[in-house]
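One-based numbering, in listed order, for ligands and for the atoms of each.
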Amino acid sequence: MSSTAEITDVTQRIQDQLIGIGHLVNGEILPTEESFDVVAPWTGEVLASCPEASLELLDRAMSAARRALPAWAADIDRRKEALLTLAERLDAQAETLGLVNSAETGKPAFIGAGEIKGAAAHARWYAMQDLPVDTLADNETELVQLVREPVGVVAAIVPWNGPIIMLINKIAAAMLAGDTVVAKPSPFTPLASLLVGNLIKDIVPAGVVNILAGGDELGKAMTAHPETNLVAFTGSVEAGRSIMAAGAPTLKRMLLELGGNDAAIVLPDANVEEIAPKLYRGAFALGGQICAAIKRLYVHESIFDQVVAALAELANQAQPGDPFVDGTTMGPSTTKPQFERVKGLIEDALANGGTAVTGGAPLDRPGYFIPPTIITGIGKGVALVDEEQFGPALPVMPYSDIDAVIEEANSTELGLGGSIWTSDIQEGLKLARRLRSGGAWVNRHPHVGAEVPFGGMKQSGMGREGGAVGIEAFCELKTISVAFG
Ligand code: NAD
């Protein structure tokens with residue numbers, strides 16, 4: 001898709017989908033008069049106006065979710081059937097919904113559509129799961145069971161980097177568990193999420209899934225709302241702290257997937273040619289806007305120059321550009337504040353002794369584009385190393401002592417992911433155990449999937465999404481105990 005006529009056609013297809021866009025509340029699509037602008041990050045211009053939900057509409061959604069709960073919670077077969085239909089519809093709409101996803105996030109079209117397909121696969125995985133009953137004792141004197149029951153109304157709040165996959169992960173887990181949901185996308189990327197509401201509307205009974213667009217204030221109201229039983233949140237550490245405080249008065253259940261500052265450690269025996277493309281993707285996929293991207297890279301001094309050169313070669317091949325132009329491999333920062341932040345971190349690193357081996361400054365074109373930037377010559381004490389950048393700027397640092405580098409990798413309040421790169425798998429496994437992070441990977445970074453529990457240690461969050469423990473996070477555990485005689 002690259003001629004002007006084709007791009008005009010894409011723009012028209014996006015605008016066509018947005019006609020009549022509204023919140024999903026109690027089984028109805030409701031446009032509202034209040035609205036806010038959504039900016040296309042690849043142009044810096046307004047893409048569309050998005051309806052904005054009021055607190056009164058939030059109350060209506062919450063009440064509907066509460067009312068829908070008993071009947072929904074009682075019928076797991078219906079829930080699984082609904083999940084399968086959701087998966088089918090997401091698959092069928094992957095290309096069209098992907099266009100809106102790409103337009104508002106800036107990610108290349110093939111990645112925008114791929115995310116919808118990924119979301120479909122996740123919904124399908126949840127449709128295949130069960131809520132097991134564990135028998136803890138079954139003898140002549142007693143029967144003891146551990147059962148999973150719905151937690152109730154879930155407030156699901158998601159960020160802008162993977163809006164649809166994260167929305168569906170939460171909605172699908174809640175649907176399987178028998179919960180009802182009030183969900184809110186990021187105000188930077190609300191459009192495709194509201195369109196998901198159109199897909200879900202007639203799959204589930206009214207009130208089971210509600211999707212509202214709005215800003216941080218709406219999110220805050222959701223987390224303090226008396227009807228909310230579980231807050232399932234993905235976003236920044238700062239918001240996570242405020243959410244815990246908001247939920248404290250009513251002791252809400254919390255599932256917090258927060259930020260990371262993941263370290264990757266390359267051992268001297270690693271095969272550079274083989275690992276370089278994986279390291280590159282680990283750091284720069286989605287322009288580094290992945291919670292568990294490689295955010296600090298430590299390379300043994302004996303192969304440091306070789307690794308930096310291999311990464312630089314890959315960075316120089318990147319094609320940042322418009323999402324709908326053929327050949328684009330990389331989009332912009334999705335939001336202006338994020339663009340400004342990454343730009344500031346790069347400037348600060350360069351002012352503090354860093355060298356930009358590649359990139360180093362925004363592209364001279366409209367939109368929020370920063371090319372893949374590899375920085376050497378900095379270390380702990382510089383913000384790009386100490387803080388989460390969430391963008392295409394990677395500090396690469398040499399080390400000589402493995403114990404010291406593991407300690408440095410762990411010397412942060414964050415602990416989402418981490419990785420070891422080596423040809424010696426046993427050594428990799430041993431060192432992975434020493435990383436203080438929810439995910440510790442060998443020769444890959446990150447590793448995510450519906451079946452894989454994912455989440456952070458320390459201030460990267462609490463609880464896990466995905467896998468059997470992820471389903472449990474959307475449930476209350478109940479012990480049933482019967483005494484005979
Ligand atoms: P953010 O915290 O600013 O916003 C995320 C969502 O929370 C948005 O919908 C926002 O409107 C809402 N929100 C903001 N403040 C709130 C509050 N006090 N109460 C309730 N809701 C509130 O995060 P962001 O900038 O959209 O996303 C980037 C961050 O998300 C990064 O730190 C990244 O690492 C993290 N992230 C984590 C994961 C994970 O799984 N651990 C995945 C993706 C992104």
I'd like the atom pairs linking ligand 1 to the protein - N or O on both sides, separation under 3.5 Å - with distances to 0.1 Å.
unit_1, atom_1, unit_2, atom_2, d
ligand 1, 2 (O), Ser236, N, 2.8
ligand 1, 2 (O), Ser236, OG, 2.6
ligand 1, 9 (O), Val158, O, 2.9
ligand 1, 9 (O), Lys184, NZ, 3.0
ligand 1, 11 (O), Lys184, NZ, 2.7
ligand 1, 11 (O), Asp216, OD1, 2.7
ligand 1, 18 (N), Ser242, OG, 2.8
ligand 1, 23 (O), Ser236, N, 3.4
ligand 1, 25 (O), Trp160, NE1, 3.1
ligand 1, 26 (O), Trp160, NE1, 3.2
ligand 1, 30 (O), Gly235, O, 3.3
ligand 1, 32 (O), Glu388, OE1, 2.7
ligand 1, 34 (O), Glu388, OE1, 3.4
ligand 1, 34 (O), Glu388, OE2, 2.6
ligand 1, 41 (N), Leu258, N, 3.3
ligand 1, 41 (N), Leu258, O, 2.7

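Here the closest non-hydrogen pair linking Gly178 and Pro150 is O-CB, 3.5 Å.
Listed by first and then second residue, the salt bridge (Lys or Arg N to Asp or Glu O under 4.0 Å) pairs involving residues 103-113 are Lys107-Glu115 (not counting sequence neighbours). Counting only residues at least two apart or in different chains, side-chain hydrogen bond (donor to acceptor under 3.5 Å, both in side chains) contacts with residues 230-241 comprise Lys170-Thr234, Arg241-Gln459.
Remark: Leu212 CG to Ile157 CD1 distance equals 11.0 Å, nearest 0.5 Å.
Classification of Asp262 and Arg296 as a salt-bridged pair fails, no side-chain N sitting under 4.0 Å from a carboxylate O.
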Could you list the donor-acceptor pairs under 3.5 angstrom formed by side chains in residues 19-31, with sequence neighbours left out?
unit_1, atom_1, unit_2, atom_2, d
His23, ND1, Ala213, N, 3.1
His23, NE2, Thr32, OG1, 3.1

